[in-house]
Every structure is written in C-alpha cells, then in structure tokens.
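Encoded as structure tokens, the structure appears first; notes follow it.
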Amino acid sequence: MSEAIVARDLTKRFVTKKRVGLFRNYSEYVDAVRGVSLKVRYGEVVGLLGPNGAGKTTTIKILSTLLLPDSGSASVCGFDVVKEPQKVRRNIGIMLSVEKGFYGRLTGRENLLYFGALYGIGKNELEQRIKYLLDLVGLNELGGSDRLYEEFSLGMRARLALARALLKDPPVLLLDEPTLGLDPPSARKIRGLVRELATKEGKAILYTSHNMFEVELVCDKVILINKGVVVAEGTPEELKSRIPKVRTLELHLNSFPEDLLSEIRSYGLDVREPTQSSDGLYVLRILAKRPEEIVDDVLRLTASRGIDVVKLKIEEPTLEDVFVYFTTAEGVEKSGTQ
Amino acid sequence: MLLVYSDLFRRKSLLVMFVAWPYLTTAFMLIFGYAVGSPRVFIERVGVDPIQFMIVGSYLLFSIMTVVDDIMWRPIYDEQLGTLPYIVSSPTKLVIHYLSMPIPRFIASVVLGATAVFPVMIIFRGLEGLLIGAIVVLLSLISAAVFTPLATAVGLSLYTFGGENWRAINVIRPLLLIIMGVYYPRWLMQWPLYIVSSLMPPAHCIEVIQRIIAGLAETYTVLISLVLAISLGVLYGSPMARSATAWERKKLEVGVKT
C-alpha cells in the first residue's frame with residue numbers, strides 16, 4: 001500500500017482582532033496546529049481523534065485545500081496542497097458537515113447534479129453515477145432522490161453528503177465527523193460504507209470523530225491530536241497497550257466490611273471506593289498492569305473474610321481510556337517521552 | 001441553469017415579486033411625485049409622461065439589481081448554507097462560478113419584469129410601444145452584463161478588505177439608484193453627479209433608454225453611449241479578476257467556513 005496523504009510539520013496560527021472601546025484593537029493568536037505530521041495509505045481508514053479545538057478540522061481543511069498552512073507541507077495523491085490545489089481537488093471527496101452544505105429548495109438528486117456539474121462531470125456519466133450513489137447510500141429507498149433537501153432528516157443529510165463526496169469517485173476521502181448527531185441505524189450505515197470503501201475500493205480515508213466506539217470499529221489506525229500536536233498514533237490495540245494502569249479487575253461482592261478497602265491497599269494495590277450495583281452487590285475495582293497475577297491473592301483474602309465473590313472479570317482498557325489519558329495533562333507530559 | 005430555475009419556481013412569493021416590483025415602485029414614485037409636484041411640469045422638462053418613465057426606470061433597476069444582488073450576496077449566502085467549501089474545493093474557477101450564477105435569475109427577471117414594460121408602453125404608444133419595449137428589454141440585458149464586472153469587484157473587495165464592514169454593501173443599492181439615474185433623466189443631472197454617473201457602465205444604457213422614450217435619441221449619441229458602456233464594462237474586468245483572486249486568497253488564509 002502506498003501513501004495517499006502525507007503531511008509534514010503542518011502549522012497554522014489564527015489571528016483574531018478584538019475591539020477595546022470604540023477605536024482600539026488588539027490581536028489574539030491561536031495556534032490551531034503545531035507541527036502535525038501524518039500519513040494515510042490507500043485502502044486504509046485513519047481516525048483523527050481529539051477533543052474540541054484540538055486541530056482536527058484545521059488539519060482536514062488544509063488537506064482539502066480550504067486553508068493555507070503557515071508552514072510545513074502536505075500532499076494528496078502526490079500533489080502539493082498549496083502549489084497544486086486544482087490537482088488535489090480532482091482527487092479528493094470531502095464531507096465537512098452533516099447538517100448543512102446543500103440547497104434546501106433542490107431535491108437530493110438535483111443537489112448532486114449541481115455539484116457534479118461544478119466538478120466537471122459529463123451529463124450522462126453524472127446521471128449514472130448519481131443513480132448508483134443514491135442506491136449505495138440508501139437514499140433511494142428512503143425517497144431522498146426526489147424530496148427537497150430542506151425536508152431531509154439528519155441521517156438522510158449525512159447520506160447525501162457522503163454521496164457528494166463520492167461523486168468524482170475520488171481515491172481519497174476526507175470526512176469530518178460524518179456521524180455527528182446521527183441515529184444508530186444511520187451512523188451504522190455510514191460506518192459500514194466507509195469501511196467498505198477502504199477495503200473493497202482501496203480508498204484512503206481520513207476520518208475525524210469523537211466517538212471512540214466508532215473509531216475502533218472503522219479505523220485501521222488512530223492519530224490522537226491535542227492542542228494542535230499529535231500526541232500518539234498507532235492501531236487501537238497498540239495505543240491501548242501504551243497506557244499504564246488501566247486494566248481493571250472488577251469484583252462483585254455480596255458484602256463489604258469497612259476495613260476491607262484499607263486491607264487491600266496495605267498490599268500496595270490501587271483500589272477504588274466500591275459502588276453498589278442495582279442488584280445490591282458491591283462492585284470493587286482494582287487497577288493493575290497485570291490484574292491476572294493478583295486474582296488468586298484477592299480471592300484468598302475475600303475467602304478468609306467470608307465474603308462471596310459473585311462475579312469477577314478483567315476489563316481491558318478502551319480507546320476512550322486512551323483518549324482521556326493522552327489528552328489530559330498526565331498523558332501529554334508522558335507522551336513527550338514515548 | 002435548469003436547477004436554478006427549479007429553485008426559483010419553488011418560491012412562489014419570489015415570482016410574485018418579480019411581476020409586482022416594477023408596478024409597486026412606480027406607484028410609490030408617482031404618489032410621491034404627485035404629492036410634491038405636477039405631472040405637467042415633468043412632461044415639460046423631460047418630454048415624456050412620468051408613468052412611462054417610471055415604469056421603465058423601475059424595470060431597469062429591478063433587472064440590474066437582480067444581477068447585483070446575486071453577485072454581491074451569493075458568497076455570503078453560500079457561506080451561510082455551508083456550500084462554500086464544496087464550491088471552493090471544486091475544480092471550477094470561483095470567478096466563473098459567481099459570474100454565471102446570476103444568469104438564470106436575470107433572464108427570469110427580464111422576462112417576468114417585461115410584464116410591466118410592454119403593457120404600459122402599448123397603452124401609451126400603441127404598436128410602437130412593442131418596439132420600444134423590446135429595445136428596453138435588450139438594453140437592460142446589456143446594462144446588467146456591463147455592470148457585472150464592477151459589481152463583482154466592489155462586492156468581493158468589500159468581503160476581502162472590509163472585515164465586518166462588508167455590510168456596507170447595503171448602502172450600495174440606494175447609492176446606485178441615485179447615481180445611475182434610473183428615476184432621473186441623466187441629461188438633466190448636475191454636472192458633478194453626471195461625471196460620477198458616467199463611470200458606471202449601465203448609466204450610459206439607461207440614458208439611451210431614457211432618450212428613446214423621451215424622443216430625444218440621435219443615432220450618434222446612442223452609439224457613443226453604447227460604446228462607452230461596453231468599454232467601461234471591459235475596463236472593470238481587470239479589477240474584477242483581481243478582486244476575485246484576492247477574495248479566494250483571503251478565504252484560504254483564514255479558512256473557508258464549514
């Protein structure tokens with residue numbers, strides 16, 4: 001697999017003018033991205049994850065030629081986004097917003113005709129392509145072809161936006177939070193399509209989202225970005241293995257003597273205050289790097305105190321744990337040394 | 001083009017406005033005019049009945065404004081709708097896109113607006129009114145076409161360099177109304193205003209139309225006026241192209257809003 005998107009040390013600073021009184025202004029600077037580098041190969045879905053204001057959309061905008069970087073370089077399909085924007089534009093499909101971006105008084109089909117003409121697609125080819133895409137995204141069966149866009153549900157809007165991104169049949173897709181606010185069936189449809197486009201058609205897809213579950217399902221690789229800096233990247237499994245102390249031994253106990261907590265802590269274990277579940281059991285969580293090594297000791301301790309362990313499980317860290325870890329102060333400090 | 005008509009014909013109120021606007025503004029001008037003066041004085045000074053003069057003026061203003069509005073407001077409209085990123089990121093050049101956008105609406109306004117010019121002209125002039133109506137429609141097409149480069153240059157420059165002051169665009173409409181002289185015979189303008197007015201390409205076409213309906217048109221003045229209008233239109237082509245490039249550059253520097 002060769003690289004479809006390559007970005008090296010991208011930086012972008014925004015300047016906003018603030019007015020003080022009637023005549024005085026001062027400028028505020030925000031570094032939206034600070035040296036972002038990334039690579040996306042053909043046939044790969046790469047998730048760009050980060051909290052609000054992390055620089056995800058700024059990165060997507062630079063790659064889609066909608067924003068000029070201050071420094072650094074980026075290329076899409078081998079074309080430089082600053083020097084050869086027209087060539088880049090011919091090779092990308094973008095989806096930047098789910099809820100808007102179309103003309104309300106035109107139908108789904110008419111909107112696609114309009115943008116297809118703008119993209120320079122011939123009339124006959126465009127008609128066929130639109131028919132295929134409306135079927136692909138499931139808008140035909142929802143009646144979206146001949147319904148006015150202003151009457152579309154959010155899910156239908158997202159499907160139409162994805163259809164537009166695919167109009168040119170581009171080798172690269174840049175999708176900015178494509179399932180934001182969607183109901184589960186629509187979100188599942190979009191996720192399935194994205195995965196298929198990468199696997200079957202070999203498209204390179206850069207995908208931003210806040211939804212960890214979704215990113216884990218869809219993406220081959222994840223790039224975590226925070227305050228304009230890439231703080232971690234790798235497959236979801238690799239990232240999970242990089243966060244310390246987040247595997248959890250969870251025990252459901254029928255009773256919980258007051259001194260049990262301090263006794264467990266006396267063995268040097270990181271144990272949290274117990275919570276009570278809906279069925280009246282006490283849920284105790286012990287954090288450890290290798291919880292399987294302490295299971296026997298913990299069971300011996302509870303047995304000696306006459307406590308029944310009703311349920312026991314070891315929880316693996318989730319991508320959400322990874323996200324929280326790398327985007328909080330603790331993670332940011334440690335990521336610098338990794 | 002058909003898609004723009006689809007959008008247009010689904011807005012019934014807009015269609016009603018296309019037909020009614022020239023009549024309403026004419027009525028307003030006449031009511032105001034009759035309140036402060038006499039139609040006889042107008043006829044003596046201008047050489048034509050005020051109803052004919054005003055209906056043609058309203059029609060011209062409406063046709064030209066349709067183009068100006070489309071050109072000046074379209075970028076803001078696309079930004080609000082969220083369609084701008086997809087237009088900017090298409091291989092079509094922005095300036096060509098925005099110059100072609102007003103064409104369908106303009107044709108519709110000319111056709112629908114003509115429902116005001118032809119009846120009034122026929123009532124006042126009989127069959128000759130048909131010919132005059134056709135000339136008015138043709139010259140309004142030329143007026144709008146030659147005005148496009150200047151309107152684009154002004155509109156996009158305001159968006160590029162005006163910051164939040166782009167709303168000054170609201171001042172431009174009434175200003176045009178005064179400067180172009182659609183409701184005022186150009187040859188009776190005071191000379192400073194006449195010179196300023198002469199810098200506006202459609203003003204020359206408007207003078208031709210006004211002279212024709214007042215019976216004051218001479219072949220050479222008509223030709224000179226048309227040459228002037230077209231030359232000015234071409235002359236403003238360069239600032240138009242520059243303003244479009246500057247606007248796109250500015251958009252890319254600050255980022256196209258999504």
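As the structure is a prediction and not an experimental result, all values here were calculated from the model. Chain letters run A, B, ... following the sequence lines, proteins first and then strands; every chain starts at 1. Quick note: numbers below take in every heavy atom, side chains included, and nothing from hydrogens, waters or symmetry partners.
Across all their heavy atoms, A/Glu99 and A/Arg157 have their closest contact at O-NH1, 2.9 Å.
In this pair, A/Tyr119 and A/Phe115 present their aromatic rings tilted. The plane angle is within the 30 to 60° band.
Looking at A/Leu148, the atoms closer than 4.5 Å to chain B (heavy atoms on both sides) all sit in the side chain, from C-beta outward. If you measure heavy-atom distances from B/Leu84 to chain A, you find no contacts under 4.5 Å at all. Within the 4.5 angstrom heavy-atom criterion, only side-chain atoms of B/Glu248, from C-beta onward, approach chain A. Residue A/Lys87: no heavy atom, backbone or side chain, is found under 4.5 Å from chain B. For A/Phe102, the part sitting under 4.5 Å from any heavy atom of chain B is the backbone (N, CA, C, O) and nothing else.
A salt bridge links A/Arg109 with A/Glu127: the distance from a Lys NZ or Arg NE/NH1/NH2 to an Asp or Glu carboxylate oxygen falls below 4.0 Å.
Taking the centre of each ring, A/Phe152 and A/Tyr149 come in below the 6.0 Å mark.
For the set A/Arg164, A/Arg90, A/Gln86, the entry with the most heavy-atom pairs within less than 4.5 Å of chain B is A/Arg164.
Checked by atom type, the side-chain pair A/Glu110/A/Tyr103 shows no donor-acceptor distance below 3.5 Å. Using modelled atom types, one finds no donor on one side chain facing an acceptor on the other under 3.5 Å when comparing A/Thr107 with A/Asp146.
In this structure a side-chain-to-backbone donor-acceptor pair under 3.5 Å is present from A/Lys12 to A/Leu68. In terms of modelled atom types and a separation under 3.5 Å, the side chain of A/Arg159 and the main chain of A/Val137 share a donor-acceptor contact.
Contacts from residues 69-83 of chain A to chain B, taken as heavy-atom pairs separated by less than 4.5 Å, involve no residues at all.
Relative to the ring axis of A/Tyr29, A/Arg13 places its NZ or CZ within 45° and under 6.0 Å from the centre.
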